[in-house]
Amino acid sequence: MRISVSSDMDEPVARALVAQLRSRGHDVVTHGALRPGADPQWAVCSEAAARDVAAGISEQAVVCCWTGTGASIAANKVPGVRAALCTDAYTADGARRWNDANVLALGLRLTSEPLLKEILDAWFAAEASEDAEDRGNVTHIDRLDRGRAGS
């Protein structure tokens with residue numbers, strides 16, 4: 001799978017994220033501080049990774065900033081992206097399962113390498129739910145992206 005990764009800082013956990021993804025056999029496209037010469041601002045690099053997903057360049061993305069909040073906000077402004085800020089494996093599993101999230105947001109401040117591995121294990125093990133209620137919620141989010149909420 002091709003996965004876009006962005007980080008506003010070249011932190012050890014961001015480098016570990018790229019290494020973990022590659023060790024799992026993924027093709028990684030880097031943005032921000034992880035790509036020499038790229039704009040490292042969290043809003044800019046998170047948008048770039050999210051746009052890769054929306055355009056079909058990458059199947060998923062992982063966006064990082066100090067808390068993960070700004071990265072998730074920026075990614076979620078891109079239509080077609082469902083970014084989830086995950087601080088543990090249970091949240092990552094739920095984000096994929098119930099929300100069909102296609103972008104994982106991580107905070108560089110609190111995500112240790114062992115926790116990163118647990119989150120990635122859960123993220124990749126989970127599959128989007130086929131439950132009608134869950135699919136209905138995801139469909140509603142898609143309508144919001146198109147400016148047609150409630151229809």
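The shown structure was predicted, so the numbers you read here are calculated from the model rather than taken from an experiment. By convention here, the first residue in the shown sequence is residue 1.
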- Qualifying salt bridge (Lys or Arg N to Asp or Glu O under 4.0 Å) pairs with a residue from residues 111-120, counting only residues at least two apart or across chains: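 Listed by first then second residue: K117-D121.
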
- Message: Can you pull out every salt bridge (Lys or Arg N to Asp or Glu O under 4.0 Å) where at least one residue sits in residues 62-82? Sequence neighbours excluded, please.
- Response: R82-D100, R82-D142

- With sequence neighbours excluded, residues passing salt bridge (charged side-chain N to carboxylate O under 4.0 Å, His left out) with D88: none

- What residues form a salt bridge (charged side-chain N to carboxylate O under 4.0 Å, His left out) with R109, not counting sequence neighbours? none

- Message: Tell me the closest heavy-atom pair linking A83 and A75, and the distance in Å.
- Response: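 Shortest heavy-atom contact: CB-CB, 3.8 Å.
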
- Message: For Y90, give me all partners under ring pair (Phe, Tyr, Trp, His ring centres under 6.0 Å), at least two apart in sequence or on another chain.
- Response: none

Linking I/L/V/M/F/W/Y whenever any side-chain heavy atoms sit under 4.5 Å apart, do [X] and [Y] land together?
X    : Y    : value
V28  : L116 : yes
V81  : I3   : no
V18  : M9   : yes
L85  : L120 : no
L106 : V5   : yes

Ignoring hydrogens and angles, write down the donor-acceptor pairs under 3.5 Å from the side chains of residues 51-59, residues two or more places apart or on other chains.
| from | atom 1 | to | atom 2 | distance (Å) |
| --- | --- | --- | --- | --- |
| R51 | NE | E47 | OE2 | 2.7 |
| R51 | NH2 | E47 | OE2 | 3.2 |
| D52 | OD2 | S4 | OG | 2.6 |
| D52 | OD2 | H31 | NE2 | 2.7 |
| S58 | OG | S4 | OG | 2.6 |

Counterpart residues, side-chain hydrogen bond (donor to acceptor under 3.5 Å, both in side chains), relative to [X] (two or more places apart):
X   : value
D93 : R97
R22 : none
D10 : R15

- Task: Start with the C-alpha gap between M1 and D27, add the side-chain angles, then the distance that decides, and say whether side-chain contact (heavy atoms from CB on, under 4.5 Å) holds.
- Result: CA-CA 6 Å; M1 175 184 320; D27 179 22; over 6 Å; no

- In Å and rounded to the nearest 0.5 Å, what is the SG to CZ distance from C45 to R35?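 The CZ atom of R35 is 11.0 Å from SG of C45, to the nearest 0.5 Å.
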
- Message: Within the supplied structure, the quantity of interest is the number of heavy atoms (other residues, nucleotides, ligands) at a distance under 6.0 Å from Q41 CD; does it exceed 12?
- Response: no

Could you tell me if the side chain of [Y] sits less than 4.5 Å from the side chain of [X], heavy atoms only?
X    : Y    : value
C64  : D8   : no
V103 : V62  : no
L21  : F124 : yes
L17  : V13  : no

Heavy-atom donor-acceptor pair, [X] side chain to [Y] backbone, under 3.5 Å:
X    : Y    : result
N137 : E133 : yes
N102 : G80  : yes
T111 : G107 : yes

- Could you work out the complete set of other residues in the hydrophobic cluster of L110, with links drawn between I, L, V, M, F, W and Y side chains under 4.5 Å apart? none

Pairs of donor and acceptor atoms involving the side chains of residues 65-73, under 3.5 Å and at least two apart or interchain, shall be tabulated with distances.
| from | atom 1 | to | atom 2 | distance (Å) |
| --- | --- | --- | --- | --- |
| T67 | OG1 | T69 | N | 3.2 |
| T67 | OG1 | T69 | OG1 | 3.3 |
| S72 | OG | G68 | O | 3.3 |
| S72 | OG | T69 | O | 2.8 |

- Please list, chain by chain and in numerical order, all residues satisfying side chain to side chain contact (heavy atoms under 4.5 Å, CB included) with A92, sequence neighbours excluded.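 Listed in chain order: C86, I119, A122, W123.
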
